[in-house]
Every structure is written in structure tokens, then in C-alpha cells.
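I have placed the structure first, in the form of C-alpha cells, so that the comments after it can refer back to it.
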Amino acid sequence: MRWVSLVGRLCVAVVVLPVLAGCYTLVPVASVQPAPGTKMRVLLNDEGRINTAQQVGPYTMQIDGQLVQASESNYVLAVTDVVDIRGAHSKWTGETVPLPKRYVMTSYERRFSTPKTVLVLGAVTAGFVALVASFNLFGFGGSSSDGGTPPDPADQ
């Protein structure tokens with residue numbers, strides 16, 4: 001019975017957690033002033049890479065974070081990740097950084113994607129069902145254990 005508990009925990013880890021994590025997509029920011037709390041990604045232009053080097057590091061190309069405040073000319077982000085032009089990531093813990101909008105080439109909003117989440121959930125569920133069936137974990141699927149000997153017609 002202990003393995004049943006283990007299989008139950010495995011079900012939760014494999015099936016439920018990806019759904020809770022969900023899948024997200026980036027869409028261009030639709031409004032001039034997005035709402036505070038919006039999860040954003042900004043791509044810096046050349047001027048932005050040069051002028052933000054003291055704040056976020058040299059050669060910064062992309063900044064991810066949560067919008068704290070937006071005005072007509074600035075974003076203030078609680079930064080969670082910085083990516084340089086080589087693709088190296090630097091994790092941040094929410095330090096706030098003001099960014100003039102003239103430094104931003106493109107800004108994106110991170111949104112939950114229902115179609116991607118359903119697709120991932122379906123794939124994970126199908127994989128789990130295939131695993132259970134292949135190992136005959138719950139008494140269904142797999143092959144019989146009689147060695148493949150056909151029944152004796154005389155016994156019928």
C-alpha cells in the first residue's frame with residue numbers, strides 16, 4: 001500500500017503542479033500606462049543599454065519585473081531578471097529600477113495562456129496514463145502473465 005501513496009504523490013507532482021504553474025505568453029503592452037502590478041518584460045534600445053549600465057549592469061538587453069509605477073515618460077519596475085546581450089541571466093529579488101521610456105525599444109506584458117496550459121496538461125496526462133498502463137500499476141493495461149499459452153480446447 002505504501003507504493004500507492006507514492007504513486008498518488010507522483011500524480012500530484014506530474015499532473016497538478018504544471019497546471020498550477022501554468023503557461024504564460026508575452027503580448028505587447030496595449031496601453032500607454034499599464035496598471036501597477038503588471039508583470040512586464042522590456043527590451044532596451046542602444047541608448048538604454050548604455051545609460052542603464054550603472055543600475056542594471058553592462059550590456060543589458062532585457063529586463064523582467066513587476067510594474068510598480070508608470071508615468072508618461074517612465075516605468076518603475078521591481079526587477080526579477082536581467083538578461084545581457086550574450087543571453088546570460090541575472091536573478092534579482094525585486095529591487096526597483098526607474099526606466100525612462102525613451103530607453104525602451106519594446107515592452108511586453110506577461111499573461112496567462114489557457115491554450116498552452118491545456119496543451120501541457122493534456123500531454124502530461126497522456127504520458128502519465130501511458131506510464132500507468134505500461135507498468136500495469138493499477139491492474140489494467142500490460143500483458144497477461146500466463147506465458148501466452150492458448151487455452152486447451154478439450155476443457156471447453
Side-chain angles (χ1 to χ4, degrees), residues 1-138 140-141:
M1 279 302 189
R2 186 171 174 95
W3 67 272
V4 173
S5 174
L6 180 62
V7 170
R9 289 182 192 160
L10 182 64
C11 286
V12 169
V14 171
V15 177
V16 176
L17 290 179
V19 173
L20 292 176
C23 294
Y24 291 85
T25 188
L26 293 171
V27 295
V29 172
S31 64
V32 176
Q33 292 182 338
T38 302
K39 294 186 185 293
M40 294 183 64
R41 171 173 292 169
V42 295
L43 303 179
L44 300 177
N45 57 28
D46 291 338
E47 181 185 8
R49 276 193 288 280
I50 293 167
N51 291 316
T52 61
Q54 292 292 325
Q55 294 175 296
V56 293
Y59 311 113
T60 296
M61 175 182 70
Q62 165 185 308
I63 301 172
D64 290 350
Q66 188 168 1
L67 185 64
V68 175
Q69 180 183 359
S71 67
E72 287 186 25
S73 59
N74 290 315
Y75 289 130
V76 177
L77 292 178
V79 178
T80 57
D81 191 34
V82 172
V83 182
D84 70 16
I85 59 175
R86 298 166 300 192
H89 287 260
S90 299
K91 294 295 179 192
W92 286 45
T93 57
E95 294 86 355
T96 57
V97 174
L99 289 171
K101 287 185 180 179
R102 71 176 187 271
Y103 295 169
V104 176
M105 180 171 46
T106 311
S107 57
Y108 296 99
E109 181 179 346
R110 186 174 176 230
R111 288 192 187 161
F112 183 75
S113 173
T114 302
K116 285 183 182 180
T117 303
V118 168
L119 184 63
V120 167
L121 179 61
V124 168
T125 302
F128 180 74
V129 168
L131 176 74
V132 167
S134 69
F135 287 105
N136 197 16
L137 293 177
F138 295 120
F140 56 89

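Nothing here was measured: the structure is a model prediction, and the numbers come from that model. Only heavy atoms go into these numbers, but all of them, side chains included; no hydrogens, no water, no symmetry mates.
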Please check this pair: side chain of [X] against backbone of [Y], looking for a donor-acceptor N/O pair closer than 3.5 Å.
X      : Y     : value
Lys101 : Ser71 : yes
Arg49  : Leu44 : yes
Asp84  : Pro58 : no
Gln66  : Gly37 : yes

Value rounded to 0.5 Å, distance of [atom1] in [X] from [atom2] in [Y]:
X     : Y     : atom1 : atom2 : value
Ile50 : Tyr59 : CD1   : OH    : 10.5 Å
Asn45 : Met61 : CG    : CE    : 13.0 Å
Leu99 : Leu67 : CG    : CG    : 10.0 Å
Ser90 : Ile63 : OG    : CD1   : 11.0 Å
Thr60 : Leu43 : OG1   : CG    : 12.0 Å
Met40 : Thr80 : CE    : OG1   : 12.0 Å

If you look at every heavy atom in [X] and [Y], which pair is closest and at what distance?
X     : Y     : result
Val79 : Trp92 : O-CB, 3.2 Å
Val68 : Pro36 : O-CB, 3.6 Å
Gly94 : Ala78 : O-CB, 3.6 Å
Ala70 : Tyr75 : CB-CD2, 4.1 Å

* Not counting sequence neighbours, which residues clear side-chain contact (heavy atoms from CB on, under 4.5 Å) with Val27? List them please. => Thr25, Glu109, Arg111

* Structure fact -> Residues passing the side-chain contact (heavy atoms from CB on, under 4.5 Å) test with Pro98, sequence neighbours excluded, are Gln55, Val76

* Asked: For Glu47, does the CD atom have more than 12 heavy-atom neighbours from other residues, nucleotides or ligands under 6.0 Å away?
  -> yes

